[in-house]
There are 2 protein chains.
Amino acid sequence: MELGGPANQSLFIGFESRDSQNVYRLAPFYEASEAGAQDFEVEEHAQGPRNPFQYQGIAEGEISRDLQPNVDRWTFDELAVTLYAPTPALPQPDEPGFAEAILPAVTLEIEFDNRGCDRERTWVFGFGQYLPQALLRPIEGDMWRGVAHGQNLALATDSPGTWSGTWFTLDEIVDPTRGTNLDGMLGNCAAVAGSVPAGEVGRARLVMAFHRADTVTTGIAARYAYARHYPDLESVIEAGFRQFNQRKALALDLSPKLVEGFSEDQAWMAAQAIRSYYGSTELLEAVEDGRLLWVVNEGEYRMMNTLDLQADMVFWELERNPWVVQNVLDQFADRYSYRDELQDGEGLRPGGISFAHDMGVMNQFSPPGRSSYERAGLTGCFSYMTAEQLVNWTCVAWMLSVTPGYEDWLQRRRPILLECLESLIRRDLDERTGTIQFDSSRCEGGEEITTYDSLDASLGAARGSTYLAGKTWAAYLGLEQMLTQCGEPEKAAVAREQADRAVQTLLSSRLPDGTLPAVLDGRVDSKIIPVIEGLGFPLYADPGGDWRTRPGVPEWLQAMKHHLDLVLRPGVCLFEDGGWKLSSTSNNSWLSKIYLCQWIAREIFGRTDAQADKAHREWLERSGYFAWSDQMVSGEAKGSKYYPRGVTCSLWRRQTGFVMPTPVGGIMNG
Amino acid sequence: MELGGPANQSLFIGFESRDSQNVYRLAPFYEASEAGAQDFEVEEHAQGPRNPFQYQGIAEGEISRDLQPNVDRWTFDELAVTLYAPTPALPQPDEPGFAEAILPAVTLEIEFDNRGCDRERTWVFGFGQYLPQALLRPIEGDMWRGVAHGQNLALATDSPGTWSGTWFTLDEIVDPTRGTNLDGMLGNCAAVAGSVPAGEVGRARLVMAFHRADTVTTGIAARYAYARHYPDLESVIEAGFRQFNQRKALALDLSPKLVEGFSEDQAWMAAQAIRSYYGSTELLEAVEDGRLLWVVNEGEYRMMNTLDLQADMVFWELERNPWVVQNVLDQFADRYSYRDELQDGEGLRPGGISFAHDMGVMNQFSPPGRSSYERAGLTGCFSYMTAEQLVNWTCVAWMLSVTPGYEDWLQRRRPILLECLESLIRRDLDERTGTIQFDSSRCEGGEEITTYDSLDASLGAARGSTYLAGKTWAAYLGLEQMLTQCGEPEKAAVAREQADRAVQTLLSSRLPDGTLPAVLDGRVDSKIIPVIEGLGFPLYADPGGDWRTRPGVPEWLQAMKHHLDLVLRPGVCLFEDGGWKLSSTSNNSWLSKIYLCQWIAREIFGRTDAQADKAHREWLERSGYFAWSDQMVSGEAKGSKYYPRGVTCSLWRRQTGFVMPTPVGGIMNG
């Protein structure tokens, strides 16, 4: 529903107490104050007791949760609620299973264990108001009934012994003695309930349906692709029940596979990350021509298809549905690319192509060539990310190009690949360094930044960034490989030269203490982990390739290994709890980037760190309200909450067989 | 935008201070805390000052407001903002002026007096976030530009020397030194600004546009009728500027006419009432067949076309656009009528037709024959209003039937009029009283209530209510007149007999002290004003008719006059401030009903009360946040806030020339 965080409405999940039929025990997810019809009754006068029932919270100790990527089982004393939300690979629209995969529903099961009681008892599952308007109404089909919030949200059941209703308080819903009253439409409580005979275990199946039928975006007018298959809430609910068993089986099957080989801590983090990623995705269909638009919203910020996130999420997407990667690359190439000039002292020099930071925000597509985020005249957050996004688009294209079936796409995109090469070189000095040396004219006197926009100078600034230099090197490697495939050997050779120069530049930045600088000229006194980040792309695309043994590369790899040995220590790039600290001078550490660097450290440098995984899980648990979050300040989510980027951890499943090359002259320690 | 109250977002209305160009003076309608981009920047680091400007509230003493029904002029020291929102009669779709009349826009003028300053200065007019999503974006046309909130809200200007933008803070909007930054889409501030040269008075015209393009309702799927003429925000803005001068002229012309002859207090209340009424209206178009659906939402409660409000608002609507009255009557007849039985001790007896309390809530049309409000088994608020709504539909139909051009409609509705007569009689005792004596079977053992649902037993209960008996008498008079017109003289005679019986029943209820009881059997010890309320219908429809002189009526009129003389006293039906207290036993007094009774008291009993008008205005001023509100508890709005019902005051313009008949036997004081 395009929210930037948990919907935050009350959830009424509970059951009639064993001890008294006037007491309901509810999971502690509701606002007691929400009950009541005071707005209508402005003066007190006798109407008999308004609230025949009492509500008691279920204590934390009686609650347990088993969270898996596609199955989320909660146990509240005698009540268990299991949510099934399978995340199969998303087929293309003309492939079988497409409509099933995009069904906007969560299916769930209720189990209520009434074996310990000699009285028939009621369970309840419902929700409170989640928007300023309550918009509650009954909804029903031939075989099911439930409650809806306008055209957008519904909860329904098709199980025997159940009913549903809405009102100001739960009372009239859980006590169905007057059936005609269940169809009320006032109030802000909506629930499904059921009764279970004494001594039995009752089960019910529920569908939560989500829907928006009409145009949901501006800039490019688009609808949800699912609306073509499911025109309204009713059709989503029908399909939810029709597919119920199949969805459950799929979720149970997929869940362990998605975290195969993961430790318990890793698996738990991956489950949160996968759920948060899908919570941020949209598959849209342009009103104009029906073309599909894949959009990943940027978590709480809801910027659309932020390109620097795409460069980290690409690994997850390629393993499952590479066509969405192509879709996003094409959107950037066709609408969100631009050409700039470069700031050179007081003057300007020729620039080249790059890509906007994002495609808009909160379903508002930005104008062509412009992001919602970037602004001129700044040197920090909200400045342009021109070079970073040029490198990101190139690296993502490389990742796609090694995926079977995308050879034609690569050929088609040859012109833009040539432009990317040209643009990267233009951003280098005349005496080539293989790295980014100029800021875009779009900065209007400001300075470019990187994806680490809210970090300090160790990672935030683009020009001279060791992090960005490593990724620029990867981009040149990718251009070499892609242009070779495109039949452009001369241009490929130019790219290769630039990659070699980048390695030399990086090598020559080594500091006397054996560490690598955050900024190539050493003027920033920080130690950072992401000097290794650029390795991720060749490691994924070409782990056994000859790039490993090119001039300087073995030394560069050894230098990075040595750097990690020196900085992954308490007080430098480890927090006290053992969690990774991306920069020694910032308490802001990003989990997605840690996951990526952990994979590189494992595959290339043979380094694993279970204590770090434990710490990272604890960070997420501490901030669990927002599911998966990225920016952790001293182990607490302070930004990039409810974020899609954590699926980078899917790399942990990938074993590359990388073999470390031997340096020619041993390790130089400056 | 279907809100149940003021949108409550920040408004940024102000100007650069005379004394300093770094200081802005803003009207006190904003949250200072809204500014800032902290969510993105999770750690503090140097970026230069984020807020180059300071903001100062403009003090209350420097603000003045001239509120008229169609013109609302605010002066903030050197800045004046005038809103033009004309409310012409709404033509039918095939009549000229329809599209103009339903334009979903407010046009407004800015005047900034910079004659006292030797520096060019900037004014600003903007808004903050009004929904959980910010959704801000630039919007522009050939001759104008502005800012939009998604597909739903926009603010634009076509005046020279202006610009617009969005961001986290006003700073970058009011200071347009970097034009490229004005197109940002993040943040939650959106504004239009302009600069005025030293020594000049600057003027600008703005359009605020509102829009929802797609299906906005459930139950009956419907769109806004305006969407056919204005497919998007852009087209609303274009039309706003095209019609700007004409709308301004119309608003200036209509404003005084709508309150002609009113005292200043009355005119001010009427302006609030008229604005609140239109804020609650919707003209919809069914998706299925394009038929129009007129909907008045019930203020903060947003129930749709609540029939007991319709009976009070009909006078305003008939004077301007009677076709909407027919539209609502038809909706009730065709979809929201039902047939019941009647509770008679332990058994049931035959009932008849009535109408649902409402047609749903918050754009969710309820199922046929059912309201969102009514529930079984109650004796107070939320119980059924079966008899009340039967009487209301009948009386509203009567009011429409005396409007030229609705003779055919009446003929077409003859069957339902006959049913109404039958149903009313069924609700009487076998030995006829002309009043309501049974509760509907829909109550399932409960008791019917009246529109005064939140008042005590003096007005809340339907059976035996003197208030409802007076309106039932009116309904019989109306049925007599309508059935005569329909060529049903025998049925008309039956209605007349019932009316006569009602008068006798009412007359015989007089109490020894000369007052009239709130409940016919005298078992409730309250004094109420609305014993006279039913008079409104014959007074409007037939002020000189022979009903005035029928048996008992002159005595009944004298009895009511005497009652008013006795109860309109401090401590009985007057509050300490002189405001009217509908019931001596409740502090909850309803302005719409007071207005109606004030008109009846003036026209029939020659009673005016300027002190009461002054008190009522003060009540509204005290609760001014909600514009016009109905339920005033001891002079403060406690319910029915932001309510449409106040247009009943349009009756004050109507002089009926009613002449009080002389009773045959003088006044009986019991």
Side-chain angles (χ1 to χ4, degrees), chain A residues 2-4 37 39-43 45 47 131-138 148 150-151 172 178 180-181 183-186 213-215 218-219 300-303 360-364 366-367 370 372-373 375-382 442 444 453-456 586-588 631 633 638-639, chain B residues 2-4 37 39-43 45 47 131-138 148 150-151 172 178 180-181 183-186 213-215 218-219 300-303 360-364 366-367 370 372-373 375-382 442 444 453-456 586-588 631 633 638-639:
Chain A
E2 302 146 19
L3 300 180
D39 279 356
F40 282 79
E41 297 180 274
V42 301
E43 282 192 311
H45 40 83
Q47 254 287 22
L131 283 179
Q133 288 102 324
L135 301 176
L136 299 180
R137 64 184 175 105
Q151 306 172 64
E172 300 231 23
R178 241 183 217 100
T180 46
N181 282 354
D183 281 339
M185 294 170 70
L186 299 187
D214 302 305
T215 300
T218 62
E300 63 168 324
Y301 308 133
R302 279 170 290 173
M303 284 176 280
V361 60
M362 294 186 202
N363 279 15
Q364 319 298 303
S366 49
R370 303 212 71 96
S372 68
Y373 172 97
R375 291 170 81 82
L378 302 176
T379 58
C381 201
F382 306 120
R442 283 206 166 185
E444 298 183 22
D453 56 359
S454 61
L455 262 75
D456 64 12
S586 174
N587 287 321
N588 189 358
Q631 294 193 43
V633 176
K638 291 286 187 187
Chain B
E2 301 147 20
L3 301 179
D39 279 355
F40 281 79
E41 298 179 274
V42 302
E43 282 191 311
H45 40 83
Q47 253 287 24
L131 284 178
Q133 287 102 325
L135 302 177
L136 298 181
R137 65 183 174 105
Q151 306 173 66
E172 301 231 23
R178 241 183 218 100
T180 46
N181 281 354
D183 280 341
M185 294 170 69
L186 299 187
D214 302 305
T215 300
T218 62
E300 63 167 326
Y301 308 133
R302 280 170 291 174
M303 285 176 280
V361 61
M362 294 185 204
N363 279 14
Q364 319 298 304
S366 49
R370 303 211 71 96
S372 68
Y373 172 98
R375 291 169 81 84
L378 302 177
T379 58
C381 201
F382 306 120
R442 283 207 166 184
E444 298 182 24
D453 56 358
S454 61
L455 261 75
D456 65 12
S586 174
N587 287 321
N588 189 357
Q631 293 194 43
V633 177
K638 292 284 188 188

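These numbers were taken from a predicted model, which means no experiment stands behind them. Numbers restart at 1 for each chain; the letters A, B, ... are given by sequence-line order, proteins then strands.
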For this session: Identify, with sequence neighbours excluded, every residue that meets salt bridge (Lys or Arg N to Asp or Glu O under 4.0 Å) alongside B:D214.
Result: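 Once residues adjacent in sequence are excluded, B:D214 has no partner under the salt bridge (Lys or Arg N to Asp or Glu O under 4.0 Å) criterion.
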Problem set entry | Which residues share a salt bridge (Lys or Arg N to Asp or Glu O under 4.0 Å) with B:R302, sequence neighbours left out |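 If we apply the salt bridge (Lys or Arg N to Asp or Glu O under 4.0 Å) test to B:R302, skipping adjacent residues, there are no hits.
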Please round to the nearest 0.5 Å and tell me the distance separating atom [atom1] of [X] and atom [atom2] of [Y].
| X | Y | atom1 | atom2 | result |
| --- | --- | --- | --- | --- |
| B:M185 | A:T218 | CE | OG1 | 6.0 Å |
| B:L378 | A:R178 | CG | CZ | 7.5 Å |
| B:Y301 | A:L186 | OH | CG | 10.5 Å |

Exercise. Where does B:R375 contact chain A at under 4.5 Å (heavy atoms): side chain, backbone, both or neither?
Worked result: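 For B:R375, heavy atoms of backbone and side chain both lie under 4.5 Å from chain A.
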Exercise. Heavy-atom distance under 4.5 Å to chain A: side chain of B:A134, backbone, both or neither?
Worked result: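 The answer is both parts of B:A134.
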For this session: Locate the shortest heavy-atom distance separating B:L135 from A:M362; write the atom from each residue and the value.
Result: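 Distance-wise, the nearest heavy atoms are CD2-O, 2.9 Å.
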Exercise. What residue, out of A:V361, A:L136, A:T215, has the most heavy-atom pairs lying under 4.5 Å from chain B?
Worked result: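 Sorted descending by pairs with chain B, the first entry is A:T215.
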For this session: Start with the C-alpha gap between B:E444 and A:N181, add the side-chain angles, then the distance that decides, and say whether side-chain contact (heavy atoms from CB on, under 4.5 Å) holds.
Result: CA-CA 10 Å; B:E444 298 182 24; A:N181 282 354; 5.8 Å; no
Problem set entry | Greatest number of heavy atom pairs closer than 4.5 Å to chain A - which of B:G219, B:A148, B:A213, B:S366 |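 Most heavy-atom pairs within the cutoff with chain A belong to B:S366.
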Exercise. Just by modelled atom types, is the B:P138 backbone N or O under 3.5 Å from a matching donor or acceptor in the A:Q364 side chain?
Worked result: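 Absent.
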